[in-house]
Chemist: 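Right, I'll just put the structure down here and ask away after.
One is the number of the first residue; the rest follow in order along the sequence. Atom set for the values below is all heavy atoms of this structure, side chains included, hydrogens, waters and symmetry mates excluded.
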Amino acid sequence: MENIENIKIDLKNALSEKRYLHSIGTMKSAQELAKYYGLDAEKAGLAGLIHDIAKEMPDQEKIQYVKEHNIEMDRFEEKNIGLLHAKIAANIAKEKYHFDKDIQQAIEYHTTGNPNMNLFDKIIFVADKIEETRSYPDLNYVRELAHKNINECVIYIIEFAVKKTIERGEEPHSNSILTINKLKEEEENKKSL
């Protein structure tokens with residue numbers, strides 16, 4: 001496995017200073033949440049660190065990359081090439097850094113969510129949205145929710161993103177809608193036990 005300092009150098013070469021600091025912040029948040037939920041903090045940190053490694057890749061390069069690596073593009077990604085950064089980063093995690101499937105999957109799911117998300121995936125998803133460089137009106141509430149109920153936190157984050165997407169006149173990714181529905185169902189089932 002690649003040395004963390006080498007990964008940081010790769011990130012500095014691939015990302016703006018702001019995005020690099022976001023990646024470091026996501027790593028820290030992922031480690032903290034993983035410890036809180038009893039999962040592997042080091043592994044979570046690695047996923048958090050490289051989740052956005054392809055974020056600032058130009059659109060043409062993203063398209064070229066997915067073609068060369070046989071990565072499937074869905075209709076939402078065809079309309080919004082930026083969404084591909086998650087799949088590309090997951091592929092880099094696999095091919096360049098030889099990270100395991102858990103890390104690859106968490107990175108792939110970190111943007112739109114996925115109805116098949118496990119706890120590790122949810123931790124990376126949430127860490128990305130609550131890390132120390134973030135700032136938005138209800139951030140403190142979201143950070144508290146992350147420690148109370150991770151499912152409710154993911155639902156809250158995705159519902160906010162879906163609302164913004166619709167306000168822009170765009171269609172939300174089907175994975176986002178499916179994730180919200182699945183997690184709400186899980187939470188309802190918990191309440192009925």
Side-chain angles (χ1 to χ4, degrees), residues 1-27 29-31 34 39-40 42-129 131 154 157-158 161-162 165 168 170-179 182:
M1 200 182 291
E2 196 80 20
N3 174 314
I4 199 157
E5 292 311 313
N6 292 343
I7 295 171
K8 287 180 180 178
I9 291 166
D10 290 347
L11 287 171
K12 281 185 176 174
N13 291 329
L15 302 173
S16 64
E17 180 69 9
K18 185 179 180 197
R19 182 68 51 190
Y20 174 76
L21 292 174
H22 163 70
S23 299
I24 297 296
T26 304
M27 175 184 76
S29 280
Q31 289 170 328
L39 298 184
D40 186 331
E42 185 182 350
K43 196 164 150 174
L46 291 170
L49 184 62
I50 72 156
H51 78 288
D52 268 355
I53 196 165
K55 181 81 173 181
E56 294 175 348
M57 187 185 276
D59 284 357
Q60 268 318 110
E61 269 184 54
K62 285 185 179 109
I63 293 165
Q64 191 62 36
Y65 189 98
V66 296
K67 282 180 183 167
E68 287 173 7
H69 292 85
N70 296 317
I71 297 169
E72 207 173 301
M73 224 190 324
D74 64 33
R75 67 183 183 88
F76 300 96
E77 292 157 344
E78 285 171 9
K79 286 183 195 165
N80 183 352
I81 302 300
L83 290 175
L84 287 172
H85 82 274
K87 286 182 177 176
I88 294 170
N91 189 263
I92 291 169
K94 176 184 176 183
E95 292 186 0
K96 182 169 187 175
Y97 301 119
H98 311 291
F99 289 166
D100 68 21
K101 284 193 181 343
D102 293 340
I103 293 176
Q104 294 167 40
Q105 179 173 293
I107 291 170
E108 183 175 337
Y109 293 171
H110 88 267
T111 304
T112 60
N114 188 287
N116 300 315
M117 289 171 97
N118 59 35
L119 180 58
F120 187 77
D121 303 330
K122 292 170 191 173
I123 284 170
I124 303 311
F125 181 88
V126 170
D128 175 36
K129 313 307 184 286
E131 58 84 17
V154 173
I157 291 166
I158 296 178
V162 164
T165 303
R168 287 194 308 266
E170 297 169 12
E171 184 185 3
H173 198 290
S174 59
N175 277 344
S176 298
I177 305 302
L178 292 169
T179 303
K182 172 108 182 273

Chemist: How long is the straight-line distance from CG of L49 back to OG1 of T26, given to the nearest 0.5 Å?
Modeler: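 The CG atom of L49 is 9.0 Å from OG1 of T26, to the nearest 0.5 Å.
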Chemist: I'd like to check M57 versus L84 (side-chain heavy atoms, cut-off strictly below 4.5 Å). Are they in contact?
Modeler: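 Answer no - side chains too far apart.
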Chemist: Say whether, by atom type as modelled, one donor and one acceptor occur between the side chain of K79 and the main chain of R75 under 3.5 angstrom.
Modeler: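 Not confirmed, K79 side chain does not pair with R75 backbone.
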Chemist: Would you say K182 has more than 12 foreign heavy atoms packed within less than 6.0 Å of its NZ?
Modeler: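 Counting other residues, nucleotides and ligands, NZ of K182 exceeds 12 neighbours.
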Chemist: So which heavy atom on A86 is nearest to which on E108, and how close?
Modeler: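 Heavy atoms only, the tightest pair is CB-O, 3.5 Å.
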Chemist: Decide, yes or no, whether a salt bridge links K87 with E77 under the criterion of side-chain N to carboxylate O below 4.0 Å.
Modeler: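 Yes, charged N to carboxylate O under 4.0 Å.
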Chemist: Quick one: pull up CG in L15 and CD1 in I24 and give me the separation to the nearest 0.5 Å.
Modeler: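 Nearest 0.5 Å value for the CG-CD1 distance: 10.0 Å.
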Chemist: Measure from the side-chain N and O atoms of S176 to the backbone N and O of T112, and report whether any donor-acceptor pair falls under 3.5 Å.
Modeler: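 Yes, S176 side chain to T112 backbone: donor-acceptor pair under 3.5 Å.
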Chemist: For Q64 and E68, which I'm curious about, is there any donor-acceptor pair between the side chains at under 3.5 Å?
Modeler: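 The answer is yes; a qualifying pair exists.
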Chemist: How close do E78 and I81 get, heavy atom to heavy atom, and via which atoms?
Modeler: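 Scanning both residues, the minimum pair turns out to be O-CD1, 3.7 Å.
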Chemist: Which heavy-atom pair separates H51 from A89 by the least distance, and what is that distance?
Modeler: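 Taking H51 first and A89 second, the nearest heavy atoms are O-CB, 3.5 Å.
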Chemist: Measuring only between side-chain heavy atoms, which start at C-beta, is L39 closer than 4.5 Å to I123?
Modeler: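 Yes. Closest side-chain heavy atoms under 4.5 Å.
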Chemist: Rounded to the nearest 0.5 Å, what separates atom NZ in K55 from atom NZ in K62?
Modeler: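 Spacing of NZ (K55) from NZ (K62) equals 7.5 Å.
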Chemist: State whether the side chain of E131 and the backbone N or O of M27 hold a donor-acceptor pair below 3.5 Å, judged by distance alone.
Modeler: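 Answer holds: no.
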Chemist: Heavy atoms, side chains only, cut-off 4.5 Å: are N116 and Q105 in contact?
Modeler: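 Contact flag for N116/Q105 side chains = no.
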Chemist: Of the non-hydrogen atoms in A30 and A44, which two are nearest, and what is the gap between them?
Modeler: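 Shortest heavy-atom separation between A30 and A44 comes out as CB-O, 3.4 Å.
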Chemist: How far does NE2 of H85 sit from CD1 of I107, to the nearest 0.5 angstrom?
Modeler: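 Output value for this atom pair is 10.0 Å.
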Chemist: Report yes if some heavy atom in the side chain of Y97 is under 4.5 Å from a heavy atom in the side chain of I103; otherwise report no.
Modeler: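 When only atoms from C-beta onward are counted, I103 and Y97 do not touch, as no gap falls below 4.5 Å.
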Chemist: When rounded to the nearest 0.5 angstrom, what is the spacing between CD1 in I53 and CG in L11?
Modeler: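 Those atoms lie 4.5 Å apart.
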Chemist: Would I9 and K12 count as a side-chain contact (heavy atoms from CB on, under 4.5 Å) here? Give the steps.
Modeler: CA-CA 5 Å; I9 291 166; K12 281 185 176 174; 5.7 Å; no
Chemist: Quick one: does H173's side chain have a donor or acceptor within less than 3.5 Å of a partner on N175's backbone?
Modeler: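 Here the side-chain-to-backbone pair exists.
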Chemist: Kindly compute the distance separating CG (D100) from CZ (F120), expressed to the nearest 0.5 Å.
Modeler: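 So the CG of D100 and the CZ of F120 are separated by 7.0 Å.
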Chemist: Does a side-chain heavy-atom distance below 4.5 Å link K8 with Y20?
Modeler: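 Yes, side chains in contact.
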Chemist: Any non-hydrogen side-chain atom of K96 less than 4.5 Å from a side-chain atom of D10?
Modeler: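 Yes, their side chains come closer than 4.5 Å.
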Chemist: Minimum heavy-atom separation for V162 and P172, please, with both atom names.
Modeler: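 For V162 and P172, the tightest heavy-atom pair comes out as CG1-CG, 3.8 Å.
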Chemist: Carefully, step by step, assess H110 and D52 under the rule side-chain contact (heavy atoms from CB on, under 4.5 Å).
Modeler: CA-CA 9 Å; H110 88 267; D52 268 355; 3.2 Å; yes
Chemist: Return yes if some donor-acceptor pair links the side-chain N/O of D128 with the main-chain N/O of F125 below 3.5 Å, else return no.
Modeler: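 No; judged by distance alone, with no hydrogens or angles, the pair does not exist.
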Chemist: Are K43 and L46 close enough that some pair of their side-chain heavy atoms sits under 4.5 Å apart?
Modeler: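 No. Closest side-chain heavy atoms not under 4.5 Å.
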Chemist: Side-chain contact, heavy-atom cut-off 4.5 Å: Y109 with I124?
Modeler: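 No, too far: nothing below the 4.5 Å cut-off.
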